[in-house]
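Scroll down for the structure; my scribbles are underneath it.
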Amino acid sequence: MQLGFPVKITQRDDLPSNDARRHQSGPHLRVSLGYLRAIFDYLASIDVRMYRMSSDLAPYVTHPDMPQFHRQIDECRAELAALGADARAQGLRLSLHPSQYIIINSPDADLVQRSVRELAAQAAILDAMALGPEAVVVLHVGGVYGDRSASRERFIHAYTQLPEPVRRRLVLENDDTRFSVGDILHIHQHTGVPLIYDYQHHMCLDRERIPVAEALRACIATWPHGVQPKIHFSTPRTEMKATRRKNKQTGAAATVYQPPSWTNHADYVNPFEFINVMRQVPEREFDVMLECKLKDTALLRLRSDLPRYAPDVAARFGLLEPAEQERSAG
DNA sequence: CGATGTCAAGGAATC
DNA sequence: GATTCCTTGACATCG
């Protein structure tokens, strides 16, 4: 089992995750791939073998008004192949998670078409890197549009219409306000799409009141034989949020404190909840993407705490010395 | 150099 | 029908 983290590196300020320049400055996938090369080295140096790449590696690659950006993946065939070989050599599991604007269950056919184009670009990047089936593109169901059931059925229809390279990579995740674990299980039954169980989202939205162990097992079971399942884990921020607000009339600034929503991510994983959830499914292996605000810093902290406090869980992530590993197994 | 405004994109709540 | 939040960082411009 592996622990991973998404996109941004917080331990270092010299490792950007994508070429984020504005379109006027001519950003390019080639620049992002140079950054990624350095990120892979960093991941190897901290012994991390799962990572979510930025969904903006290829800037404007499907922007309808900017055809000059549309050839980037072809222009980087060689670089993509080389990076993919590096990833395989270091046993690195990669993924992509397109932004909230990529929606395939919209009633707006044009928006669906633009979204499918973007998904095709994301799948093409993973294909050009020649990554195995564990390298997935993660998507949410989309909008409710006033009728959850109809919108769920529209997702099912849209999924069956997807180009084969997209369908081969796509996996579906429960979200925290619209489509629950129950919803994605229903969609799986009608499409076969593998499911990502997100613990924090499940805690925020669970209309069917599915127990954690049951939801986790059910989602894990949707992955095809031979492909290691993956889940998302995070816990909510509990500290008050300070925001500096300026009065529009007077210009006077004041700090306002607000309680965080359950959907806000904490800086670090709550370790008690982490080990509790891991122990719900002792019989299956799966990878865990940690979606904390402090990304790699949170992963490193959890990893250093686990052997001392929860050697049984640490053992499953290969975090014990061989002698301790044996003791924990025995 | 520091402060501030801006960025491709949708959905949903609120007024 | 229009506005704002969601949530976030970093680019770009200005003083």
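All heavy atoms count here, side chains included; hydrogens, waters and symmetry mates do not. Labels below follow one simple rule: chain letters A, B, ... track the order of the sequence lines, proteins then strands, and each chain is numbered from 1.
- Nucleotides B/dA13 and C/dT7 have their P atoms positioned 14 Å apart, rounded to a whole Å.
- At the heavy-atom level, A/T263 lies under 4.0 Å from the strands shown only through sugar-phosphate atoms.
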Enumerate, atom names and distances included, each donor-acceptor pair closer than 3.5 Å involving a side-chain atom of residues 311-319 of chain A, sequence neighbours excluded.
residue: A/D312; atom: OD1; partner: A/R279; partner atom: NH2; Å: 2.8
residue: A/D312; atom: OD2; partner: A/R279; partner atom: NE; Å: 2.8
residue: A/D312; atom: OD2; partner: A/R279; partner atom: NH2; Å: 3.4
residue: A/R316; atom: NH1; partner: A/M278; partner atom: O; Å: 2.8
residue: A/R316; atom: NH1; partner: A/V281; partner atom: O; Å: 3.4
residue: A/R316; atom: NH2; partner: A/V281; partner atom: O; Å: 2.7
residue: A/R316; atom: NH2; partner: A/R284; partner atom: O; Å: 2.9

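- Of the candidates A/K230, A/R52, A/R237, A/R52 is the only one forming a salt bridge (charged side-chain N to carboxylate O under 4.0 Å, His left out) with A/E291.
- A straight line from CZ of A/R237 to P of C/dT7 spans 12 Å, rounded to a whole angstrom.
- Applying the side-chain hydrogen bond (donor to acceptor under 3.5 Å, both in side chains) test to pairs two or more places apart or on separate chains, those with a residue in residues 55-66 of chain A are A/T62-A/E118.
- In this entry the distance linking NE2 of A/H140 with P of C/dC6 reads 17 Å, nearest Å.
- Stacking is found between A/Y101 and the pyrimidine-like six-membered ring of the B/dA9 base under the 5.5 Å centre-distance and 30° plane-angle cut-offs.
- Rounded to an integer number of Å, the gap from A/R117 CZ to B/dA8 C1' is 14 Å.
- When the nucleotides B/dG11, B/dA9, B/dA8 are ranked by their closest atom to the side chain of A/L111, B/dG11 comes out on top.
- Nucleotide C/dT8 holds its C1' atom 15 Å from the CD atom of A/E291, rounded to whole Å.
- Comparing C/dG9, B/dA8, B/dG11 by their nearest atom to the side chain of A/Y60 picks out B/dA8.
- Across all strands, A/D176 comes closer than 4.0 Å to no nucleic acid atom at all (heavy-atom distances).
- Per the geometry, OH belonging to A/Y145 stands 7 Å off C1' belonging to B/dG10, to the nearest Å.
- A/D206 meets the salt bridge (charged side-chain N to carboxylate O under 4.0 Å, His left out) test with no other residue; sequence neighbours excluded.
- In this model, the phosphate group of B/dG11 is approached by a side-chain N or O of A/S106 to a distance below 4.0 Å at OP1 or OP2.
- Rounded to an integer number of Å, the gap from CG of A/L294 to C1' of C/dG9 is 14 Å.
- Taking atom OH of residue A/Y35 and atom C1' of nucleotide C/dC11, one finds them 11 Å apart after rounding to whole Å.
- With both ends at atom P, the span from C/dT4 to B/dT6 equals 13 Å, rounded to whole Å.
- Applying the 4.0 Å criterion to OP1 and OP2 of B/dG10, one finds that A/S99 has every side-chain N and O outside that range.
- Residue-level contact check: A/D65 touches neither bases nor backbone, having no heavy atom under 4.0 Å from any strand.
- Side-chain atoms of A/D296 never come within 3.5 Å of backbone atoms of A/I9 as a donor-acceptor pair (strictly under, hydrogens ignored).
- When heavy atoms are screened at a 4.0 angstrom cut-off, A/T177 is found touching no nucleic acid atom at all.
- For the pair A/T222 (side chain) and A/L195 (backbone), a donor-acceptor distance under 3.5 Å is present.
- If you check C/dG9, B/dG11, C/dA12 against the side chain of A/K293, the one that comes closest is C/dG9.
- Side-chain atoms of A/T10 come within 3.5 Å of backbone N or O of A/L294 as a donor-acceptor pair.
- Listed nucleotides: B/dA8, B/dA9, C/dC6. Nearest to the side chain of A/P64: B/dA8.
- When the nucleotides C/dG9, B/dA9, B/dA12 are ranked by their closest atom to the side chain of A/K8, C/dG9 comes out on top.
- A donor-acceptor pair under 3.5 Å links the side-chain atoms of A/H202 to the main chain of A/I210, judged by distance alone.
- Only A/A20, A/R21, A/R22, listed by number, bring a heavy atom of residues 14-22 of chain A to less than 4.0 angstrom from any atom of DNA chain C.
- Rounded to a whole angstrom, the distance from the P atom of C/dA12 to that of B/dA8 is 10 Å.
- One interatomic measurement links the two molecules: CD1 of A/I103 to C1' of B/dG10, which rounds to 5 Å at whole-angstrom precision.
- Listed by first residue number, the stems of DNA chain B with at least three Watson-Crick or G-U pairs below 3.5 Å are B:1-7 with C:9-15, B:10-15 with C:1-6.
- Using modelled atom types, one side-chain atom of A/D183 and one backbone atom of A/S180 make a donor-acceptor pair closer than 3.5 Å.
- Using a 4.0 Å heavy-atom criterion, one finds that A/S261 contacts no nucleic acid atom at all.
- A donor-acceptor contact shorter than 3.5 Å links the side chain of A/R217 to the backbone of A/Q280.
- For residues 189-202 of chain A, the set of pairs meeting the salt bridge (Lys or Arg N to Asp or Glu O under 4.0 Å) definition, not counting sequence neighbours, is empty.
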